[in-house]
Amino acid sequence: MAVTRQLLSEKGYQNVVTSEVAERCGISEGTIYKYFDSKRELLARVAEEWFEEILGADENPPPGAGIRTRLRQLVWKGLSIIRQEPSLSRFVLMELRSDPTYRTMRIYELNRRFTARIGDLLQEAVSTGVFRADVSVRLLRDMIFGCIEHRTWAYLRGEGDFSVDEAADGITNVIYRGMLMPGVQDEGASPQSKTKR
């Protein structure tokens with residue numbers, strides 16, 4: 001699986017061939033098929049392992065961090081994952097997610113656990129009165145991940161680039177400022193703008 005992940009990074013999922021995986025591992029190609037039914041299953045298992053790494057990473061926000069800081073951290077993480085692993089991101093977004101059986105796959109459940117982190121934070125923001133409650137948490141979550149994907153498509157196609165920090169700041173600002181309950185202090189406002197209020 002480690003060799004497959006390396007080849008995926010080097011060549012893209014369409015150009016990974018099991019014979020080369022076997023050669024680099026010093027085994028016969030037939031041995032691979034004792035453990036995986038197909039190249040697609042092997043690649044899907046590599047993607048699952050990647051998602052488990054992401055979910056297992058210890059990324060606690062700073063003590064006392066507010067909604068804005070925590071939201072930016074999660075948005076930044078979503079963007080940086082794509083930046084660090086474009087080949088795996090392409091495979092998951094373009095191949096696995098378009099599969100009619102995607103919702104039965106383990107990768108679907110792992111992805112739901114990842115997106116739930118933002119969903120839970122948004123729900124906390126609404127429940128504690130930081131965010132307004134007139135837009136559903138589910139829609140807000142979809143807006144965030146839709147924006148992340150749209151912002152990174154050109155990069156994933158090899159047609160452009162993007163700044164993780166700039167995109168994370170922009171997405172966070174739009175969601176946070178757009179949903180902030182009237183009368184609640186904006187965590188990101190400068191000291192000067194705070195005194196004007």
Side-chain angles (χ1 to χ4, degrees), residues 1-25 29 32-33 35-57 59 71-119 122 137-172 174-175:
M1 286 174 64
V3 167
T4 302
R5 184 167 174 172
Q6 181 61 40
L7 279 170
L8 187 62
S9 177
E10 292 172 12
K11 301 187 170 196
Y13 62 88
Q14 292 167 325
N15 298 314
V16 172
V17 290
T18 53
S19 59
E20 187 172 0
V21 174
E23 183 181 341
R24 288 201 188 185
C25 291
E29 188 175 6
I32 293 173
Y33 293 104
Y35 299 95
F36 305 97
D37 290 338
S38 63
K39 178 182 95 168
R40 185 181 177 84
E41 184 187 339
L42 171 60
L43 291 171
R45 288 282 301 281
V46 169
E48 289 169 8
E49 187 176 76
W50 172 50
F51 262 73
E52 286 168 351
E53 287 173 14
I54 294 165
L55 290 167
E59 294 172 355
L71 179 61
R72 187 192 183 280
Q73 183 180 27
L74 289 171
V75 171
W76 186 92
K77 180 66 176 176
L79 289 157
S80 66
I81 286 165
I82 293 170
R83 157 74 71 192
Q84 292 164 7
E85 291 282 2
S87 295
L88 271 167
S89 298
R90 270 193 300 274
F91 177 65
V92 171
L93 293 173
M94 298 178 184
E95 288 294 309
L96 294 183
R97 205 172 60 180
S98 63
D99 190 308
T101 65
Y102 174 64
R103 286 178 178 261
T104 67
M105 296 180 188
R106 186 158 181 273
I107 193 78
Y108 171 73
E109 287 305 319
L110 292 169
N111 185 56
R112 283 190 63 181
R113 284 173 52 198
F114 177 72
T115 60
R117 291 177 175 180
I118 282 186
L122 294 169
V137 164
R138 184 173 181 179
L139 180 58
L140 289 174
R141 182 204 63 195
D142 290 350
M143 289 169 67
I144 290 168
F145 283 102
C147 190
I148 288 172
E149 287 182 28
H150 190 77
R151 189 67 189 89
T152 58
W153 274 126
Y155 174 72
L156 290 176
R157 289 193 305 262
E159 298 170 357
D161 203 354
F162 71 99
S163 163
V164 171
D165 288 327
E166 183 181 301
D169 287 340
I171 295 168
T172 302
V174 167
I175 296 296

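Sequential numbering from 1 along the given sequence is applied to the chain's residues.
- Contact check for Leu42 versus Tyr35: no side-chain heavy atoms found under the 4.5 Å cut-off.
- The distance from atom CE of Met105 to atom CD of Glu109, rounded to the nearest 0.5 Å, is 12.5 Å.
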#### Entry: Audit row: Trp76, Thr172, side-chain contact (heavy atoms from CB on, under 4.5 Å) steps and yes/no
CA-CA 9 Å; Trp76 186 92; Thr172 302; over 6 Å; no

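- In the model, Ser19 has no side-chain atom that pairs as donor or acceptor with a side-chain atom of Glu29 under 3.5 Å.
- If you take CD1 on Ile32 and CD on Glu41, they are separated by 12.0 Å, rounding to the nearest 0.5 Å.
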### Message
Before you tell me yes or no, could you show the steps for Lys39 and Glu95 under salt bridge (charged side-chain N to carboxylate O under 4.0 Å, His left out), namely the whole-Å CA-CA distance, both residues' side-chain angles and the distance that decides it to 0.1 Å?
### Response
CA-CA 13 Å; Lys39 178 182 95 168; Glu95 288 294 309; over 6 Å; no

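- The ring-ring contact (aromatic ring centres under 6.0 Å, His included) search around Phe36 returns none, not counting sequence neighbours.
- Heavy-atom neighbours of Glu166 CD from other residues, nucleotides or ligands within 6.0 Å: at or below the threshold of 12.
- Separation of atoms CG (Leu93) and CG (Leu88) is listed at 10.5 Å; rounding is to 0.5 Å.
- Heavy-atom neighbours of Arg112 CZ from other residues, nucleotides or ligands within 6.0 Å: at or below the threshold of 12.
- For the pair Arg90 and Tyr13, the NZ or CZ position fails the cation-pi test of under 6.0 Å to the six-membered ring centre and within 45 degrees of the ring normal.
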### Query
Can you list the steps and then say if Val3 with Gln6 is a side-chain contact (heavy atoms from CB on, under 4.5 Å)?
CA-CA 5 Å; Val3 167; Gln6 181 61 40; 5.6 Å; no

### Task
Just do the side-chain contact (heavy atoms from CB on, under 4.5 Å) check on Tyr33 and Thr18 with the steps written out, would you?
CA-CA 9 Å; Tyr33 293 104; Thr18 53; 3.0 Å; yes

Give the table of side-chain donor-acceptor pairs shorter than 3.5 Å for residues 137-149, with sequence neighbours excluded, one pair per line with atom names and distance.
| from | atom 1 | to | atom 2 | distance (Å) |
| --- | --- | --- | --- | --- |
| Glu149 | OE1 | Arg97 | NH1 | 3.4 |
| Glu149 | OE1 | Arg97 | NH2 | 2.8 |
| Glu149 | OE2 | Arg97 | NH1 | 2.6 |

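- A 4.5 Å side-chain heavy-atom check between Val92 and Trp50 finds at least one atom pair inside the cut-off.
- In this structure the side chain of Arg117 never reaches within 4.5 angstrom of the side chain of Lys77, judged on heavy atoms.
- Side-chain contact, Thr101 with Asp99: a donor N or O sits under 3.5 Å from an acceptor N or O.
- Ser98 places a side-chain N or O within donor-acceptor distance of the main-chain N or O of Met94, the cut-off being under 3.5 Å.
- Remark: Leu79 CG to Arg72 CZ distance equals 9.5 Å, nearest 0.5 Å.
- Summarising the geometry, atom CG belonging to Asn111 is positioned 12.0 Å from atom CD belonging to Glu48; distances are rounded to the nearest 0.5 Å.
- Nearest heavy atoms, Ala47 versus Leu96: CB-CD1, 4.3 Å.
- Note: Ser89 OG to Gln84 CD = 9.5 Å, rounded to the nearest 0.5 Å.
- With contacts defined as side-chain heavy-atom distances shorter than 4.5 Å, the pair Arg83/Tyr155 qualifies.
- Within a 6.0 Å sphere centred on CZ of Arg45, heavy atoms belonging to other residues, nucleotides or ligands number 12 at most.
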